[in-house]
Each structure stands twice: as C-alpha cells, then as structure tokens.
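Step one of this worksheet: look at the structure below.
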Amino acid sequence: MKPKVIVYKKVDQKVLDFIKTTCDVAYFEKLDSKNHPKFLHELKNAHGLLGSGLKIDKELLDQAPQLKIVCNTSVGYDNLDIEELSARGIMATNTPEVLNDTVADTLIGLLLATARRIPEMHNFVKNGKWKSMIGEELFGVDVHHKVLGIIGMGAVGTTIAKRAHLGFDMQILYHNRSRNEQAEKLYGATYCSLDELLKQSDYVCLMTPLTPATENMIGKREFELMKETAIFINGSRGKTVDEEALVDALNSGQILAAGLDVFVEEPVQPDHPLLSLENVVTLPHIGSATYETRLKMAMLGATNLVAGLQGQTPPNLI
Ligand SMILES: NC(=O)C1=CN([C@@H]2O[C@H](COP(=O)(O)OP(=O)(O)OC[C@H]3O[C@@H](n4cnc5c(N)ncnc54)[C@H](O)[C@@H]3O)[C@@H](O)[C@H]2O)C=CC1
Ligand SMILES: O=C(O)C(=O)CO
C-alpha cells in the first residue's frame, strides 16, 4: 500500500506527478484553516505533509498519529515545533540553498529601492507630480562604497554579501553565531559584535532564522545604536524585530528608512502604522517568489518527502 501524504500548498503538476509515483496524495491548493474538516479527516491517516507556513504543533500532531515526516517547502522552519516532532520520532525537512540567489536578488532590490526611494518616485511620476526638474527633496542616498552590516551570515547572507561587495563595492561587516571564512575570504567581510555592526553600518540587513534567541533581536536599544542615516532591511522573519520600536525609530528620525519583506503578522493589516510611513518600502514576503525558484523548492520538498517515506535519510533532514 502506498503511503498517504497531504500536500497543503499549490505546487506545479510536475511535483505532484513525482510524489504520486510512490504516494497517495490528498491535495489542498490553498488551506485557509487547519480546522478544515477534509484536512482533519486526511490528517488521521497521513504519513507525510508537504507545504509551508502551517503551524505544526502539538495540537496538530495529536490529530496525525501516523505521521512520519513533515516537509517544509521553505528554508525557514519556525512554523515547526522541532522538539515535539523529535519527541515523536517524526522527521522534519526544509529547502536550503536552492533559493539563495533569488532571495539575495530580492534583498538587494529592496535595499536599492529603499535607498533611492524608487517606489515613491514611481508614484510621483505616475501621479502626474513631475512638473519640473527634481530638487534635493527627492534625492536618495548612495549604496555603492557604503558599509553593509549583515546579521546572520548564513547561506542567504553570504549570497547578499557577494552581490554587495563584488557588484557595489560595499564594505561588509557581519555578525553571526560563528565565523564565516568564505565570506571573509571572498567578499572581504569583517566579523564584529552586534553593537559594533549597528554603530558602523550604513545599511543593516537582518537575515537570521527566527528562534527564541533572535525573537525581537532588533528593538529600541538596537535602533538607538544605529546611525541616523542608517537604512534597515529585514528579510528574515517579522518577529525578529520589535515593530513598535521600528515605527518609533522611523518616526523620530532615529534611522533614515526601512525596507521590509516580512512582518510580525502576514499578510500585514492595511492599517498597520508601518504602511503609512513614506520612508518604508514594503514587499509581501516575496524573497524566493519566482517561478523557477518556487518550483525548485517544491521539488526539493517532494524529494525529501519521498526519500523519508521510502526509508532513506532525506537530503535536508533538520
Ligand atoms: N524573506 C524571505 O522570503 C526569506 C526569508 N528567509 C529567512 O532567512 C533565514 C536564513 O536563511 P538561510 O541563510 O538559508 O539560513 P542559514 O541557516 O544558512 O543562515 C542563518 C544564519 O544565521 C545565524 N544565526 C542564527 N541565530 C543567530 C543569532 N542569534 N545571532 C546571530 N546569528 C545567528 C546562523 O549562524 C547562520 O549563519 C531563514 O531561516 C528564513 O527565516 C530565508 C529565505 C527567504
Ligand atoms: O524559505 C523561506 O524561509 C521563506 O521565507 C520563503 O522562501
């Protein structure tokens, strides 16, 4: 008998076909609630789960007594209760590396857009406000030759450093749990303490996973350490930042601007104070969102799922 799996996110037909060669698939293109009766019904007999973002906690696991493997189609796995999964002997996997270039492209794009005020200028032209030569009230700030501080110099952080250093001649500072020799050797990155990084950087880019140690890692104290001309970029998870402190820092001129791909609550509420600030550029969590990369991530997730259910060690076992 084939193992039963639930795919709870829209994936390419190629991915579904691959899984179906060895598994019976219950497919939910979009799962609005984990209390969906059909989903709960399938969960009772499911051996595997594939998707991203769904909170996999004790409550859900209690309803999935047959589960052997949970496969995220994302590199971040803060939605998984790893302790609870381990205690139950359930494997968990993620999709590292295949998204590095795409996410780094997005983050560099966000940094440029924020520094040069591109969305604001776009609206300025489209709304018919361009009536004469622009003055310095519309100027941005340079990116090239500035100091970029990367907090979380892992796979994505290093790929951002490559673009920033080789493409924009930026000087790279980084703070990480451990030294990253590749980034030091290839991109001239200098390791420093978090406080030193915050004090010296023109751009601060946050790229850590969300863990108990990184939750609210950037708050009032950290914004106070940054330069008044600093631009803050968050590509990690919303909860790594104290959003109230960020709003205060942007309103009071403690920092110059922010570019955000992630929020504490996603989708962010339309009346969130961050959205009304002119000096904030926002994206709807699109770090890895290209056709090519999302396909690679889904296929890697499916490869992990099939391997795990066939008794092999999945390539990206967490
Ligand atoms: N906005 C988006 O669409 C995306 C967001 N992400 C987020 O970025 C995170 C990082 O992704 P990768 O670079 O692939 O992971 P990674 O595991 O390769 O790198 C993370 C780095 O953060 C460091 N780190 C962890 N805790 C730390 C702490 N307390 N202080 C300092 N450094 C710390 C680690 O040592 C590691 O070098 C993901 O976990 C995810 O949350 C990743 C991809 C896309
Ligand atoms: O992979 C992740 O962790 C994301 O946030 C989306 O690619």
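A quick note: this is a predicted structure, and the numbers were derived from the prediction, not measured. Note that ligands are numbered from 1 as they come in the structure, with each ligand's atoms numbered from 1 the same way.
Considering backbone and side-chain atoms together, Val262 places no N or O closer than 3.5 Å to any N or O of ligand 1. Between Gly235 and ligand 1, an N or O atom pair is found at a separation short of 3.5 Å. Between Ala155 and ligand 1, a contact under 3.5 Å exists for at least one N or O pair. The shortest N/O to N/O separation between Gly287 and ligand 1 falls below 3.5 Å. Residue Asp261 places at least one N or O, backbone or side chain, under 3.5 Å from an N or O of ligand 1. Polar contact with ligand 1: absent for Thr214 (N/O pair, distance under 3.5 Å).
Scanning the protein heavy atoms around atom 23 (C) of ligand 1, the nearest turns out to be Asn176 OD1, 3.0 Å. Protein heavy atom closest to atom 40 (C) of ligand 1, with residue, atom name and distance, is Arg237 NH1, 3.6 Å. Among all protein heavy atoms, the one lying closest to atom 27 (C) of ligand 1 is Arg177 CG, 3.5 Å. Scanning all protein heavy atoms for the shortest distance to atom 13 (O) of ligand 1 gives Val156 N, 2.9 Å.
Both the backbone and the side chain of Met207 come within contact range of ligand 1, each with a heavy atom under 4.0 Å.
Sorted by chain then number, the residues whose non-hydrogen atoms approach ligand 2 to under 4.0 Å are Ser74, Val75, Gly76, Leu99, Arg237, His285, Ser288, Met297.
Those atoms of ligand 1 with a heavy atom of Ser288 less than 4.0 angstrom away are 3 (O). Of all atoms in ligand 1, listed by their number and element, those nearer than 4.0 Å to a heavy atom of Met217 are 30 (N). Residue-ligand proximity, Leu99 to ligand 1, at heavy-atom distances under 4.0 Å covers atoms 43 (C). Those atoms of ligand 1 with a heavy atom of Val103 less than 4.0 angstrom away are 43 (C), 44 (C). Per-residue contacts place Ser236 under 4.0 angstrom from the following atoms of ligand 1 (heavy atoms of the residue considered): 5 (C), 7 (C), 41 (O). Taking every heavy atom of His285 and a limit of under 4.0 angstrom, the matching atoms of ligand 1 come to 1 (N), 2 (C), 3 (O). Each of the following atoms of ligand 1 lies closer than 4.0 Å to a heavy atom of Met153: 37 (O).
Between Val75 and Leu99, the shortest heavy-atom contact is CG1-CD1, 3.9 Å. Counting all heavy atoms, side chain and backbone alike, Ile118 lies closest to Leu112 at CD1-O, 4.2 Å. Here the closest non-hydrogen pair linking Phe223 and Asp242 is CE1-O, 4.3 Å. A pairwise comparison of heavy atoms in Ser201 and Leu148 identifies OG-C, 4.2 Å as the closest pair.
A salt bridge links Glu42 with Lys38; the closest basic N to acidic carboxylate O contact falls under 4.0 Å. Classification of Asp57 and Lys34 as a salt-bridged pair holds, one side-chain N sitting under 4.0 Å from a carboxylate O.
The closest heavy-atom contact to atom 14 (O) of ligand 1, among the options Val75, Thr95, Thr102, Leu283, comes from Val75. Considering only non-hydrogen atoms, atom 22 (O) of ligand 1 lies nearest to Pro209 out of Gly154, Pro209, Ser74.
In this structure, Lys14 has no salt bridge (Lys or Arg N to Asp or Glu O under 4.0 Å) partners at least two apart in sequence or on a different chain.
Here NZ of Lys131 is found 10.0 Å from NZ of Lys129. Values are rounded to the nearest 0.5 Å. The line from CG of Asn94 to CG of Leu317 is 9.5 Å long, rounded to the nearest 0.5 Å.
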